[in-house]
Amino acid sequence: MSDLTTSPAVINYINRLFKDYYTNHPVSNIVDISTREFGVGAFGQKISKRHLAFSNLKSFNDYLKTNTPFFVSYSVGYYKYPDRRPMENKQLTGADIVYEFDVDDFNLPCQDRHNVWVCKDPSCGDYGYGNKEFCETCKKPAKITQWTCDEGLDKVKSETIRLINFLESEFKLDPSTFIISFSGSKGYHVRITDKSIIPLSKSARLQLMNYIFAVSLDLEKLGFKTIGKKRFCPDINNSKGWSKKIIDYIYNLFSNSTAKDLENSLNISKKQAILLYDHKQTILKQMIHNNILWNDFRNSNKLWDKITSKAVDDLRLKIDPQSSSDIYKIMRVPDTIHGGTGFLSTSIKDIDSLKEFDAFSDPVVLRSEKIKKVKLLQITPKFRLLKEIYGPYEVNDIIEVPEHVAVFLVLKGVAKFE
Ligand SMILES: [Zn+2]
Ligand SMILES: [Zn+2]
């Protein structure tokens, strides 16, 4: 986000756009508002003030219209006195569980194509595409501007969907208590407000997370054990939890793969892949009828170790367990505007709506036919807003674009109004 190019007039102008939006679109997707701590942010600063509290939705919406903050977050926790400080004085009575899925956590190859680095040393000033922390020319630190794309956000979306399915099927949590939202920028949030999880302690939460993320799974306990020369696996029809997930994964791997698929996905020799493929029926039968992983071949134990750990790795959810167990954090309020993009942190009704959600169109709420002129401050990759493709742009390009595109670029800190 920009820190040097934005005048008070520009901030006022954007504030007015936010105010118009909030005046016509009251925010309501907050559970137990009077027990929550709120935090707000200013231009370029996600949190500038915390410990705010609102007794009801009306006073909260009045605040949004009057103060038009650039960012609005509210607590994962429920408090007796949400505005008191320090934190102990608020008296925590419980907390939701929140999962954040962010493209940054996935190390996707697309980030090297569209992220932009700029050398922090103005006397060098080199720049380029790539996720580089250090300048290519002078090796000094570089500033990275992150961009998102359909590929990246689709990946994040599919992980979010996996988590929601997991929570429903494994923990029998009530999906109507899940608050799903787009973050307004680079990912999705899922807030669980199910009554059964609210009282859980920090360590119980951490255990729950460890289970979801398959941290230090004990494969023997799950039924994958070697006795004598035989390798046993769990009963595919009568297992549950991680036992079931892993054995289903292995079963599907052998049912649905060609020899070539096995070679590629397991990273094994062609010879070994053909051997496995030729014995596919034996492998599947032994697995189903005798709970045995067929191992009548050279190096079989090494290979089965590899297959089981690949199963765990592909099945585990890739988010930081520590982050979801923090009960004091505050998170973006759904249906408020993200001040780093101008996009709505959109509430998403359910998993079907999530599948349909278009992160470059649905959250674009400051839509306008007005044309604005902006000057690019750095190179900018091709991006899509609504149905239009914009860019790529060079530094100092002056472009005329619809107001919502101009506001997006300015809030992102890569352009200024001309
Ligand atoms: Zn440099
Ligand atoms: Zn991408």
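Order of appearance sets the numbers: ligands from 1, and atoms from 1 within every ligand. As the structure is a prediction and not an experimental result, all values here were calculated from the model.
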Inset, instruction - Assert yes or no for the condition that the ring centre distance of F171 to Y211 is strictly below 6.0 Å. - result: yes
Inset, instruction - Decide, yes or no, whether a salt bridge links E168 with K172 under the criterion of side-chain N to carboxylate O below 4.0 Å. - result: no
Legend entry - Contact check, side chains of F71 and V40, non-hydrogen atoms, under 4.5 Å: no
Legend entry - Pair F360 and F383, ring centroids less than 6.0 Å apart: no
Inset, instruction - Rounded to the nearest 10 degrees, what's the angle SG of C119 makes with SG of C138 at the Zn ion (ligand 1)? Could you check? - result: 100°
Inset, instruction - Less than 2.8 Å from the Zn ion (ligand 2) is the window; count the protein N, O or S atoms in it. - result: 3
Inset, instruction - Output yes when D62 and K58 qualify as a salt bridge under the 4.0 Å nitrogen-oxygen rule, no when they do not. - result: yes
Legend entry - Within the 6.0 Å centroid threshold, strictly below: Y129 and H114: no
